[in-house]
Amino acid sequence: MPKPAIGLTLKLHGPPAVQFADGREIGLEGRSAALLALVALEPEARRERVAALLWPDSDDPRRNLRQQLLRLRRALEGAMVVEGDRVLRLAP
């Protein structure tokens, strides 16, 4: 079961990162940074739109998005920072 993202701060000014409540930071690169920036700037973004923007040349952009969300959750020690089925938003 994913952990809630309590105490996490998304940093998009300067090098993109997620900061934990204890001050530790995990840097974001590439599509992870783009995914979080997009969802932060466009709340309630439709999943299909996000996938198409991040993987415009892919045969299966939704699969790529699903895998990216899993990689992001693993990198953030199980914290779920993006939620939603049909639309994506930052977790509270």
Side-chain angles (χ1 to χ4, degrees):
M1 181 93 182
K3 299 186 290 190
I6 297 170
L8 295 182
T9 302
L10 176 59
K11 298 172 80 176
L12 296 175
H13 182 72
V18 171
Q19 184 177 34
F20 288 83
D22 64 7
R24 291 177 298 127
E25 283 190 6
I26 294 180
L28 300 170
E29 295 183 3
R31 288 194 175 110
S32 289
L35 171 62
L36 290 179
L38 181 60
V39 173
L41 295 171
E42 189 178 323
E44 304 295 319
R46 293 195 54 79
R47 199 175 187 99
E48 293 83 12
R49 174 175 159 65
V50 172
L53 286 171
L54 295 177
W55 291 276
D57 298 328
S58 173
D59 291 334
D60 193 355
R62 286 184 56 98
R63 179 180 56 84
N64 293 339
L65 175 60
R66 198 169 39 251
Q67 290 175 345
Q68 185 67 46
L69 288 167
L70 287 171
R71 283 191 297 272
L72 185 59
R73 188 179 308 152
R74 280 189 214 121
L76 298 177
E77 302 172 4
M80 180 179 257
V81 294
V82 176
E83 63 182 18
D85 292 325
R86 302 188 91 199
V87 295
L88 298 176
R89 60 191 155 287
L90 292 178

Chemist: Apply side chain to side chain contact (heavy atoms under 4.5 Å, CB included) to the pair Leu36 and Val18, showing each step before the final yes or no.
Modeler: CA-CA 10 Å; Leu36 290 179; Val18 171; 4.1 Å; yes
Chemist: Would you please test Leu88 and Leu38 for side chain to side chain contact (heavy atoms under 4.5 Å, CB included) and show each step?
Modeler: CA-CA 10 Å; Leu88 298 176; Leu38 181 60; over 6 Å; no
Chemist: Is Asp22 atom CG crowded by more than 12 heavy atoms from other residues, nucleotides or ligands, each under 6.0 Å away?
Modeler: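 Above 12, so yes.
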Chemist: Of all heavy-atom pairs between Glu25 and Ala17, which one has the smallest distance, and what is that distance?
Modeler: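 Minimum heavy-atom separation between Glu25 and Ala17: OE1-CB, 3.9 Å.
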Chemist: What's the separation between atom CG in Leu28 and atom CG in Leu76, rounded to the nearest 0.5 Å?
Modeler: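 One finds 6.5 Å between CG of Leu28 and CG of Leu76.
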Chemist: Could you state the interatomic distance from NE2 (His13) to NZ (Lys11), rounded to the nearest 0.5 Å?
Modeler: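 Answer rounded to 0.5 Å: 10.0 Å.
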Chemist: Quick one: does any side-chain atom of Arg62 pair with a main-chain N or O of Arg47 as donor and acceptor, under 3.5 Å?
Modeler: no
Chemist: Enter the distance from Leu69:CG to Asn64:CG here, rounded to the nearest 0.5 Å.
Modeler: 11.0 Å
Chemist: To the nearest 0.5 angstrom, please state how far the CD atom of Glu77 sits from the CG atom of Leu8.
Modeler: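 Going from the CD atom of Glu77 to the CG atom of Leu8 covers 9.0 Å.
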Chemist: Working note: Arg74 + Leu70, criterion side chain to side chain contact (heavy atoms under 4.5 Å, CB included); need CA distance, chi angles, decisive distance, verdict.
Modeler: CA-CA 6 Å; Arg74 280 189 214 121; Leu70 287 171; 4.2 Å; yes
Chemist: Inspect the surroundings of CZ in Arg86 and state if more than 12 heavy atoms from other residues, nucleotides or ligands are less than 6.0 Å away.
Modeler: no
Chemist: Determine whether more than 12 heavy atoms belonging to other residues, nucleotides or ligands lie under 6.0 Å from atom CD of Gln67.
Modeler: yes
Chemist: I'd like to know if the side chain of Arg31 reaches the main chain of Leu54, judged simply by a donor and an acceptor atom lying under 3.5 Å from each other, with no hydrogens or angles considered.
Modeler: yes
